[in-house]
Amino acid sequence: MPELPEVETIARGLRPLLVGRTITGVSILGPHLIPKRGKNFEEQMIGKRILDVYRRGKILIVELDNMNRLAFHLRMTGRLGLMPSGEKPGQHVHLLLALDDQTSLFFQDQRKFGTCALFAAGELEAWPFYAGLGPEPLAMDKEEFAARLKGKRGRIKGLLLDQRFIAGIGNIYADESLFRAGIHPALAADRLTPGQIGKLHAAVQDVLTEAIAAGGSSIRDYRTAAGLAGAFQETFQVYGCKSLPCHRCKGIVQTTRVAGRTSSFCPRCQPRP
DNA sequence: AGACCCCTGGAC
DNA sequence: GTCCAGGGGTCT
């Protein structure tokens, strides 16, 4: 579920609640569900102070003392939030971190695809997935985007979804960006005109910025750190809009399969290559 | 590039 | 029942 705007929203919501807190207790409710959790995870976490909460791509990072970092990847149904310590954890809560203000950070994940791992100083950068992440889309100008596209093979949607090419975009924001840019998801990346590259760069930045402002997109599971739904789903132009009329023309939104994912597009605004 | 895997649950 | 889902890893 959570793509860049959702993880960013969660990080922003958690930051004021977590920074300055000390971890006083750890409960792992399903050890096998947190495979990469670091050695002696429980003992290492107790007494650590939280210094910062931020995001890189779709990864949420909780920075602790001495550059120890807790990294969460929410995958499809992961959620993070705070609850009063001592309260019964909800269904599918796999990790609880008790804090020194009588609240507990919970990590919940219905489908159990999400991961949480503790990295000592320097270890996060050594994690291949992290080390291989492409640039942050909101920190990349048009020239860099064009330069990174140069010589790339494959279809444009596949590239947008490739975290090594650009970090943080998933199925929703890839489809919404391609619609705004008027580009078919299956168009070969090396066939984009300079004009299309400029439009796509702007579309990606606009869509992500607007989605963050809306608190993310809630299809079903995603909630902010405070447990609220996002609002960007109300402005979807193509994602989840199959068979509905395009907002911009008289076309009917269709789906196709690109890069192994259902891809929604308007056949008139985004003509087939 | 594609198939299939991890897992749960909602829609049909 | 079957198919599908905001992700990513692995294997052919």
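Given the structure is predicted, the values throughout are model-derived calculations rather than measurements.
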Need the glycosidic conformation of C:dG7: syn if within 90° of 0, anti if not. Which one?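 Anti conformation here, the glycosidic angle of C:dG7 being more than 90° from 0.
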Atom-pair distance ([atom1] on [X]; [atom2] on [N]), nearest Å:
{"X": "A:R79", "N": "C:dG7", "atom1": "CZ", "atom2": "P", "answer": "18 Å"}
{"X": "A:I212", "N": "C:dG6", "atom1": "CD1", "atom2": "C1'", "answer": "15 Å"}
{"X": "A:Q110", "N": "C:dG7", "atom1": "CD", "atom2": "C1'", "answer": "15 Å"}
{"X": "A:Y222", "N": "C:dA5", "atom1": "OH", "atom2": "C1'", "answer": "18 Å"}
{"X": "A:D175", "N": "C:dG6", "atom1": "CG", "atom2": "P", "answer": "9 Å"}
{"X": "A:R75", "N": "C:dG9", "atom1": "CZ", "atom2": "C1'", "answer": "7 Å"}
{"X": "A:I59", "N": "C:dG7", "atom1": "CD1", "atom2": "P", "answer": "14 Å"}
{"X": "A:Y239", "N": "C:dC4", "atom1": "OH", "atom2": "C1'", "answer": "10 Å"}

Without hydrogens or angle criteria, can the side chains of [X] and [Y] be said to hold a donor-acceptor pair below 3.5 Å?
{"X": "A:T115", "Y": "A:R75", "value": "no"}
{"X": "A:T77", "Y": "A:D221", "value": "no"}
{"X": "A:S217", "Y": "A:Y173", "value": "yes"}

Would A:F113 count as stacking on B:dC7 if stacking means ring centres less than 5.5 angstrom apart and planes tilted under 30 degrees?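 A stacking contact does not exist, since A:F113 is not both close and nearly parallel to the base ring of B:dC7.
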Give, ordered by number, those residues of residues 150-171 of chain A having at least one heavy-atom distance below 4.0 Å to an atom of DNA chain B; if nothing qualifies, reply none.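 The answer is A:G154, A:R155.
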In this structure, which one of A:R49, A:Q44, A:K48, A:R69 forms a side chain to side chain contact (heavy atoms under 4.5 Å, CB included) with A:L64?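 Exactly one pass, corresponding to A:K48.
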Would you mind telling me which of A:V53, A:I212, A:T224 makes a side chain to side chain contact (heavy atoms under 4.5 Å, CB included) with A:R12?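 The passing option is A:I212.
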Using the closest heavy atom to pick a nucleotide of DNA chain B for each, name whichever of A:R220 or A:R111 lands nearer the 5' end.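 Whichever sits nearer the 5' end wins; that is A:R111.
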Respond yes when some side-chain nitrogen or oxygen of [X] is under 4.0 Å from OP1 or OP2 of [N], and no when none is.
{"X": "A:H92", "N": "B:dC7", "value": "no"}
{"X": "A:K58", "N": "C:dG6", "value": "no"}
{"X": "A:H73", "N": "C:dG8", "value": "yes"}
{"X": "A:T262", "N": "C:dA5", "value": "yes"}
{"X": "A:Y173", "N": "C:dG6", "value": "no"}
{"X": "A:R261", "N": "C:dG6", "value": "yes"}

Is the Lys NZ or Arg CZ of A:R248 less than 6.0 Å from the centre of A:F179's six-membered ring, within 45° of the axis?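 The answer is yes; both the distance and angle limits are met.
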Do the charged groups of [X] and [Y] touch, with an N to O distance under 4.0 Å?
{"X": "A:K157", "Y": "A:D175", "answer": "yes"}
{"X": "A:K58", "Y": "A:E8", "answer": "no"}
{"X": "A:R148", "Y": "A:E144", "answer": "no"}

For atom P, what is the distance between B:dA11 and C:dG6, given to the nearest Å?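 Going atom to atom, P in each nucleotide, I get 16 Å.
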Sticking with atom C1', work out how far C:dG1 lies from B:dC6, rounded to a whole angstrom.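 About 22 Å, rounded to a whole number of Å.
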Tell me if the aromatic rings of A:F107 and A:F72 count as close, with their centers under 6.0 Å from one another.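 When the ring centroids of A:F107 and A:F72 are compared, they turn out to be within the sub-6.0 Å range.
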Go through DNA chain C and write down every stem, that is, every run of at least three consecutive Watson-Crick or G-U wobble pairs with distances under 3.5 Å, as range with range.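 As far as DNA chain C goes, consecutive pairing (with distances under 3.5 Å) yields the stems B:1-6 with C:7-12, B:8-12 with C:1-5.
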Taking the side chain of A:F129 as heavy atoms from C-beta outward, which of C:dG6, C:dG8, B:dC7 is closest to it?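 Looking only at heavy atoms from C-beta outward on A:F129, the closest nucleotide is C:dG8.
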Taking the side chain of A:R257 as its heavy atoms from C-beta onward, which of C:dA5, B:dT8, B:dC7 lies nearest to it?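 The answer is C:dA5, which lies nearest to the side chain.
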If we only count heavy atoms from C-beta on, is the A:L4 to A:I169 side-chain gap below 4.5 Å?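 Side chain of A:L4 against side chain of A:I169, heavy atoms only: no contact under 4.5 Å found.
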